[in-house]
Protein chains: 2
Amino acid sequence: MIKPRSRRGGGRPTISDVARKAGVGAITVSRALREPERVSEELRRQIHAAIDELGYVPDPNARALASARAEVFGVLVPSLTNNVFAEVVRGIYDSLSASPFRIQLGNTHYSGLEEERLLQLFGSQRPAALIVAGIDQTPTSRKLLESAGCPVVQVMETGPDPVDMMVGFSHLDGGRTATEHLIGAGYRRIGFIGARMDPRSQRRLAGYRAAMEAAGLFDPRLVTTTPVLSSVSLGREMFRDALAKMPTLDGVFCNNDDIALGVLFECHRASIAVPKTIGIVGFNDLDMMQVAFPSITSIRTHRYEIGRRAVAMALAAIAGNRPEQRIVDLGFELKRRESTAR
Amino acid sequence: MIKPRSRRGGGRPTISDVARKAGVGAITVSRALREPERVSEELRRQIHAAIDELGYVPDPNARALASARAEVFGVLVPSLTNNVFAEVVRGIYDSLSASPFRIQLGNTHYSGLEEERLLQLFGSQRPAALIVAGIDQTPTSRKLLESAGCPVVQVMETGPDPVDMMVGFSHLDGGRTATEHLIGAGYRRIGFIGARMDPRSQRRLAGYRAAMEAAGLFDPRLVTTTPVLSSVSLGREMFRDALAKMPTLDGVFCNNDDIALGVLFECHRASIAVPKTIGIVGFNDLDMMQVAFPSITSIRTHRYEIGRRAVAMALAAIAGNRPEQRIVDLGFELKRRESTAR
DNA sequence: ACCAAAGATGGTAGCGCTACCAAATTGGCG
DNA sequence: CGCCAATTTGGTAGCGCTACCATCTTTGGT
């Protein structure tokens, strides 16, 4: 005798329950949900009535197993607390909230190994798309991405060799623009202060260096970096170090806004006039930059928009019309403020 | 003739491939992975060798379908960019990264309706546990949580009536402590400035009010609130409003640190002496509070630890030993700094 | 009126895994 | 030395859904 296993799922209604109640085949219910246009209006109404009555919610696991494709976007970022990535992620969530896609978020902690592990893990779920931060994947990660069998969007940066698609901007140009602005404002002994020197920060530094060298101002002693995670207090400390090393400093381009804020506070504390004695430029243009006193010049980046755009491109690719422009440069904007208005 | 469907999964090895290669039954492979102690060491070695050689990764969807339980933690927070929740989430991720559990993160945007929708969605995945921010779920959400059939941890706050478990602290006590500190420091016309008045902020306000009334200092005109999302620039604006409304203000307790920072910057801009003319207290004690000039007194909360603790409790409950202490109060700490050192 | 093409619906057979039970093996003890 | 319990392994039958194909209409052209 065949005894059906007592409903493991705790009695939640299944697609067959709906089918029975609506007087149709299970497959028709499935179709009514996924390709409504292929089912007559009449049946569609009956089916939806049955769904409402039973409170049926499709099981995403069964769906993924049967269709060999999960309605999941895998998203990999190096940090959850860094405001910049938080905004990218927010853009992704907002763009996906009305879609059937779920999000699988991974935190790589800026580690290539961790990225490989998570990519491996995410791959086992057969995601509908992958969004990863950065363009400096390890060879293993890159291979994993290439063989993922789904659209891949690399975000935050642009570069010459996308795995599939890219949305971001040039950090090198950003660093150069920031530095050229300081030079143009009359600053000469301009330092670079950078925490958490990930590849993006490295490229900002390269931009700084290019601008300084072009102006004949570069001096390696002007550069202060650390691999430590960025924070406002770290910005303060690093600025003190930089000043100790190079007392004639008259400007700083900071890796990011947290560092810039730390520098500003230290200037207040040490009674160093901003922008008169020292000019400060940040990166990302967080809300607080325009409120600070004096307000801080920064490179505005379009984080939220990057998230939205990445999803839009992935969605288009899933729908079959891969955007012809595979690399999207959203640029940046120099926000001139009091901290460099000499 | 039965023609096996061409491997939908794109040829990834399955558990049977591993079993064949290791010369054992599929079920033994399954066991070797989930309950290794029930499999002889001999076979375990062979199986793992086969797994490594084939590069086998279990399909979580198939696993979830067969076992009616997904290795997923559902996590619901009201905001992804608010640093406070970002830290809770980070604590959760860090605690879970070495476990087989994945995380399904949902953003409710402070909306009860959105919370219900996400809970419904998450429920359909049969998560191993649910972690939700706050204790003010709608009746529908509450019912959804109670019938989730898995451990549930409400985080960020404590309260009398947990769905299952709770980790947090008393926002009312926090608000009271902050306000009493200002009163103790000699401030009298102490304002409350609060953005994004979610239930937690409401309770901080209640604590403020209790302290002010106890000292005979309460005046409704001292309270300035808005439902708008909190930001540093908003803090600045609200402080200006508060000052316009009540020019004799000599202190402010801010809803959170962003607001407090906005207040500080406006004081700089308007040449209002801190702490002499105005005392400032924030809430959460973000890193920048101790770096600010003057440094800002704040209520330090243990966000990261809340995330870790919530996971620990859920994990214990899953393992069958539900912690006897179902409500964990992690408290807070008043950090006295220059902004109230009159 | 007839037939091909297009549209709507259903049946069957898995997707990859694990719950449940059965069978085989081992060991301890009277 | 046999018997029962404990331990180790395997077989079978689904979990809830969808891909694939078959079947049954309907439509329109000649």
Side-chain angles (χ1 to χ4, degrees), chain A residues 1-20 22-47 51 54 56-71 100 123-126 128, chain B residues 1-20 22-47 51 54 56-71 100 123-126 128:
Chain A
M1 185 183 77
I2 297 158
K3 170 178 56 125
R5 204 181 318 182
S6 68
R7 267 293 181 46
R8 286 172 179 168
R12 296 192 343 146
T14 73
I15 204 168
S16 330
D17 296 329
V18 174
R20 205 170 309 118
V24 301
I27 190 65
T28 305
V29 175
S30 173
R31 247 191 309 257
L33 289 169
R34 292 174 303 115
E35 318 170 84
E37 72 284 357
R38 309 240 295 106
V39 175
S40 70
E41 206 184 323
E42 166 71 6
L43 283 191
R44 229 156 35 190
R45 240 201 336 277
Q46 287 177 41
I47 289 170
I51 286 174
L54 293 172
Y56 168 73
V57 184
D59 182 329
N61 297 119
R63 189 172 264 188
L65 184 59
S67 65
R69 187 51 73 198
E71 291 184 318
S124 73
Q125 294 183 62
R126 311 166 187 295
Chain B
M1 186 182 79
I2 295 158
K3 171 178 55 124
R5 203 181 318 185
S6 67
R7 269 293 181 50
R8 285 173 179 166
R12 296 191 344 147
T14 72
I15 203 168
S16 328
D17 297 329
V18 175
R20 205 169 311 119
V24 300
I27 189 66
T28 305
V29 175
S30 172
R31 248 193 306 259
L33 289 169
R34 292 175 301 113
E35 320 169 84
E37 71 284 357
R38 309 240 295 104
V39 175
S40 71
E41 207 185 324
E42 165 70 8
L43 283 190
R44 228 156 37 190
R45 239 201 338 278
Q46 288 177 38
I47 289 170
I51 286 174
L54 294 172
Y56 168 72
V57 183
D59 182 330
N61 297 119
R63 190 172 262 189
L65 183 58
S67 66
R69 184 55 70 200
E71 291 184 318
S124 72
Q125 293 184 62
R126 313 169 187 293

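Naming: A, B, ... by sequence-line order, numbering from 1 per chain.
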Whole angstrom value for the distance that separates P of C:dG16 from CG of A:N61
15 Å
Distance, rounded to the nearest Å, where A:D17 contributes CG and D:dC17 contributes C1':
13 Å
Grab the CG-P distance between B:L54 and C:dG16 for me, whole Å please.
14 Å
On DNA chain C, does the nearest nucleotide to B:V57 precede the nearest nucleotide to B:R38 from the 5' side, or the other way round? Give the residue.
B:V57
Picking from D:dT9, C:dC15, D:dC15, the nucleotide nearest the side-chain atoms of B:A66 would be D:dC15
Quickly work out the A:L33 CG to D:dG16 C1' distance and round it to whole Å.
13 Å
Whether the side chain of B:R63 engages the backbone of B:A70 through a donor-acceptor N/O pair (distance < 3.5 Å, no angle test) should be reported.
no
Which heavy atom of B:I15 sits nearest a heavy atom of B:Y56, and at what distance?
N-CE1, 3.5 Å
Report the distance from atom CZ of A:R31 to atom P of C:dA8, rounded to the nearest whole Å.
10 Å
Whole Å only: how far is the CD atom of B:E42 from the C1' atom of C:dT25?
15 Å
Please report, rounded to the nearest Å, how far the P atom of D:dG14 is from the CG atom of A:D59.
18 Å
If you look at every strand shown and take non-hydrogen atoms under 4.0 Å, does A:R34 touch a base, only sugar-phosphate, or nothing?
sugar-phosphate
May I have the step-by-step check of side-chain contact (heavy atoms from CB on, under 4.5 Å) for A:L65 and A:N61, ending in yes or no?
CA-CA 6 Å; A:L65 184 59; A:N61 297 119; over 6 Å; no
Candidate nucleotides D:dC17, C:dC17, C:dA19, ranked by approach to the side chain of A:T14 - the nearest
D:dC17
Nucleotide C:dC17, atom P - distance to CZ of B:R126 in whole Å
19 Å
Least distance between heavy atoms, A:V18 atom then A:I51 atom:
CG1-CG1, 3.7 Å
Treating B:R44 as the side-chain partner and B:P36 as the backbone partner, does any N or O pair qualify as donor plus acceptor under 3.5 Å?
yes
Between C:dC17, C:dT9, C:dG16, which nucleotide gets closest to the side-chain atoms of A:V39?
C:dT9
Taking C:dA8, D:dT9, C:dC17 as options, the one with an atom nearest any side-chain atom of B:S40 is D:dT9
For residues 23-30 of chain A, which residues have at least one heavy atom under 4.0 Å from DNA chain C?
A:V24, A:G25, A:I27, A:T28
Closest nucleotide among C:dC15, C:dT18, D:dT18 to the B:I15 side chain:
C:dT18
Base C:dG16 to side chain B:R12, donor-acceptor N/O within 3.5 Å cut-off:
no
Could you tell me whether the side chain of A:S124 reaches within less than 4.5 Å of the side chain of B:R12, counting heavy atoms only?
yes
Can you tell me if B:S16 touches the phosphate of C:dC17, counting only side-chain N or O atoms and a distance under 4.0 Å to OP1 or OP2?
no
side-chain contact (heavy atoms from CB on, under 4.5 Å), that's the test. Do A:V39 and A:V24 meet it? Break it down for me.
CA-CA 11 Å; A:V39 175; A:V24 301; over 6 Å; no
